[in-house]
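Computed from a prediction, not measured in an experiment: that's the story for all the values here. The first residue in the sequence is number 1, and the count goes up from there.
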Amino acid sequence: MNHWRGTGWILMDDFPRVDQLDSDRLLLVAPNMTHQPFILEAVLESQHTLAPFMDWLPHALTESSSIENTQQAIDNFDMFINELRYSIFEKSTGQLVGVISLIIRNIAIPYFEIGYWLRSSKEGLGYMSEAVRTLEQYAFDGLNAKRVQIKTAYENTRSRAVAERCGYHQEAILTNDRILPSGAISSTVVYAKVAAFETEEK
């Protein structure tokens, strides 16, 4: 799929799809149906920690919904639309420890958002910060991103801590702009990193 920019068509072939990214302790792997049982296992294990902030959780707790969701992630990745979702595996054990996505906000800029969740048994090990840095590097170096952002509920202190540890600048707090799965009204914290401004030589 190609996209129109004011100056012409953007060819998706110009954006390299990378099926695997690696860091010191982790492998980030493009979506594959073989991952589905491991993702469902991690979601079920972590549902109590995910439930306060992840509105997709009720639709991810059955095998059929997990299969459908995984197939959608595969299709998005193959067509380079909506999001590039990666399963995060621990190198030392081969265990799935979470999921991270590069959400395509505006490919004409290019501008992306990173979203993530971590299984509860792997919290406190710095894995998500490591995964964010790895995916961020791909966005800036591989996809020529001009902006990468992370948005999270104000009360989601763990997610906010990841953004802050990774050096994201808090741009704004959008007051009373979201409803949590509990029904409570909440606010969104917006963090971002931007590419260095390019200047033309005179």
Side-chain angles (χ1 to χ4, degrees), residues 21 23 25-26 28 31 39 42-61 65-66 69 72-73 76-77 81-90 96-107 109-140 143 145-195:
L21 302 164
S23 61
R25 299 179 295 168
L26 304 172
L28 278 60
I39 292 173
V43 167
L44 292 173
E45 173 196 306
S46 311
Q47 57 183 303
H48 297 300
T49 58
L50 297 174
F53 305 110
M54 305 299 179
D55 56 8
W56 50 262
L57 183 67
H59 311 290
L61 296 175
S65 62
S66 178
N69 186 271
Q72 185 63 62
N76 286 341
F77 197 97
I81 59 172
N82 299 323
E83 66 173 339
L84 306 179
R85 187 182 304 175
Y86 290 88
S87 302
I88 308 170
F89 290 95
E90 188 177 44
L96 184 133
V97 301
V99 169
I100 190 167
S101 294
L102 191 66
I103 302 162
I104 302 169
R105 289 304 183 197
N106 190 332
I107 201 62
I109 293 178
Y111 155 36
F112 303 96
E113 180 177 329
I114 294 178
Y116 44 81
W117 62 268
L118 187 70
R119 76 186 302 158
S120 55
S121 59
K122 295 298 180 178
E123 292 177 352
L125 299 174
Y127 279 159
M128 195 51 73
S129 297
E130 188 172 326
V132 166
R133 293 187 184 103
T134 302
L135 190 57
E136 167 198 311
Q137 183 176 8
Y138 166 53
F140 283 115
L143 300 177
K146 298 296 184 288
R147 173 185 173 87
V148 176
Q149 73 178 20
I150 295 173
K151 293 168 63 178
T152 182
Y154 183 87
E155 295 87 351
N156 193 344
T157 55
R158 288 185 179 274
S159 185
R160 292 178 62 182
V162 169
E164 291 164 6
R165 277 196 299 269
C166 291
Y168 281 74
H169 170 67
Q170 182 180 310
E171 285 190 336
I173 297 177
L174 309 179
T175 305
N176 295 342
D177 77 320
R178 67 162 65 198
I179 299 176
L180 297 176
S182 66
I185 296 173
S186 179
S187 302
T188 298
V189 187
V190 181
Y191 296 93
K193 283 188 181 181
V194 297

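Within the 4.5 Å cutoff, no side-chain heavy atoms of His169 are placed close to those of Tyr191. Counting heavy atoms from C-beta on, the side chains of Thr175 and Ser187 come closer than 4.5 Å. Considering only heavy atoms from C-beta on, Phe112 stays 4.5 Å or farther from Arg105 through its side chain. Considering only heavy atoms from C-beta on, Gln170 stays 4.5 Å or farther from Val190 through its side chain.
Between the side chain of Gln137 and the main chain of Thr134, no donor-acceptor pair closer than 3.5 Å is present. Ser182 contributes a side-chain N or O that, together with a main-chain N or O of Ala184, makes up a donor-acceptor pair within less than 3.5 Å. Side chain of Ser46 to main chain of Ser120: a donor-acceptor pair is present (N/O by atom type, distance under 3.5 Å, no hydrogens or angles). Arg119 places a side-chain N or O within donor-acceptor distance of the main-chain N or O of Leu96, the cut-off being under 3.5 Å. When atom types are taken as modelled, the side chain of Glu45 and the backbone of Ser121 share a donor-acceptor pair closer than 3.5 angstrom.
Here the CH2 atom belonging to Trp117 is positioned 15.0 Å from the CZ atom belonging to Arg158, to the nearest 0.5 angstrom. Between the CD1 atom in Ile109 and the CG atom in Leu143 there is a gap of 14.0 Å [rounded to 0.5 Å]. The CG atom of Leu84 sits 5.5 Å away from atom CG of Leu102, with the distance rounded to the nearest 0.5 Å. Once rounded to the nearest 0.5 Å, the distance linking NE2 of His59 with CE of Met54 reads 14.0 Å. Distance CD/Glu113 to CD1/Ile150: 8.5 Å, rounded to 0.5 Å. Taken from CD1 in Ile185 to CG in Asp177, the straight-line distance is 10.5 Å, to the nearest 0.5 Å.
Remark: Ala192 engages Arg147, Gln149, Glu171 in a side-chain contact (heavy atoms from CB on, under 4.5 Å) (not counting sequence neighbours). Contacts of Thr157 classified as side-chain contact (heavy atoms from CB on, under 4.5 Å), with partners at least two apart in sequence or in another chain: none. Taking the ring pair (Phe, Tyr, Trp, His ring centres under 6.0 Å) definition, one finds that Tyr116 meets it with nothing, sequence neighbours left out.
Listed here is the closest heavy atom pair of Ser87 and Ile39: OG-CD1, 3.9 Å. Residues Pro52 and Thr49 come closest through the heavy atom pair CD-O, 3.4 Å. Heavy atoms only, all atoms of each residue included: Gly115 and Ile103 are closest at N-CD1, 4.4 Å. Residue Ala131 comes nearest to Ile88 through the heavy atom pair CB-CD1, 3.9 Å, listed as atom of the first residue, atom of the second, then distance. Between Leu50 and Trp56 the shortest heavy-atom distance is CD1-CH2, 4.1 Å. The two atoms that bring Leu135 and Ile100 nearest to each other are CD2-CG1, 3.7 Å, heavy atoms only.
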Test log, rule side-chain contact (heavy atoms from CB on, under 4.5 Å), inputs Gln47 and Leu61:
CA-CA 9 Å; Gln47 57 183 303; Leu61 296 175; 4.0 Å; yes
Under the side-chain contact (heavy atoms from CB on, under 4.5 Å) rule, what do Tyr111 and Lys146 come out as? Steps first, then yes or no, please.
CA-CA 6 Å; Tyr111 155 36; Lys146 298 296 184 288; over 6 Å; no
List the steps and the verdict of side-chain contact (heavy atoms from CB on, under 4.5 Å) for Thr152 and Thr188.
CA-CA 6 Å; Thr152 182; Thr188 298; over 6 Å; no
Are Asn69 and Arg85 close enough, and set up right, to give a side-chain contact (heavy atoms from CB on, under 4.5 Å), and what steps lead you there?
CA-CA 11 Å; Asn69 186 271; Arg85 187 182 304 175; 2.4 Å; yes
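Atom CZ of Arg133 sits in a crowded spot, with more than 12 heavy atoms from other residues, nucleotides or ligands closer than 6.0 Å. By the neighbour-count criterion of 12 heavy atoms within 6.0 Å, atom CD of Glu155 is densely surrounded, having more than that number from other residues, nucleotides or ligands.
A salt bridge is absent between Glu90 and Arg25; no separation between the charged side-chain nitrogens and carboxylate oxygens falls under 4.0 Å.
Classified by interplanar angle (parallel below 30°, tilted 30° to 60°, perpendicular above 60°), the ring pair Tyr138/Tyr86 is perpendicular.
Seen from the ring of Tyr154, Arg160 counts as a face-on cation partner, given the 6.0 Å and 45° thresholds. Taking the centre and axis of the six-membered ring of Tyr168, the NZ or CZ atom of Lys193 falls inside the cone set by 45° and 6.0 Å.
Side-chain contact annotation: Arg178 with Ser186, donor-acceptor N/O pair under 3.5 Å absent.
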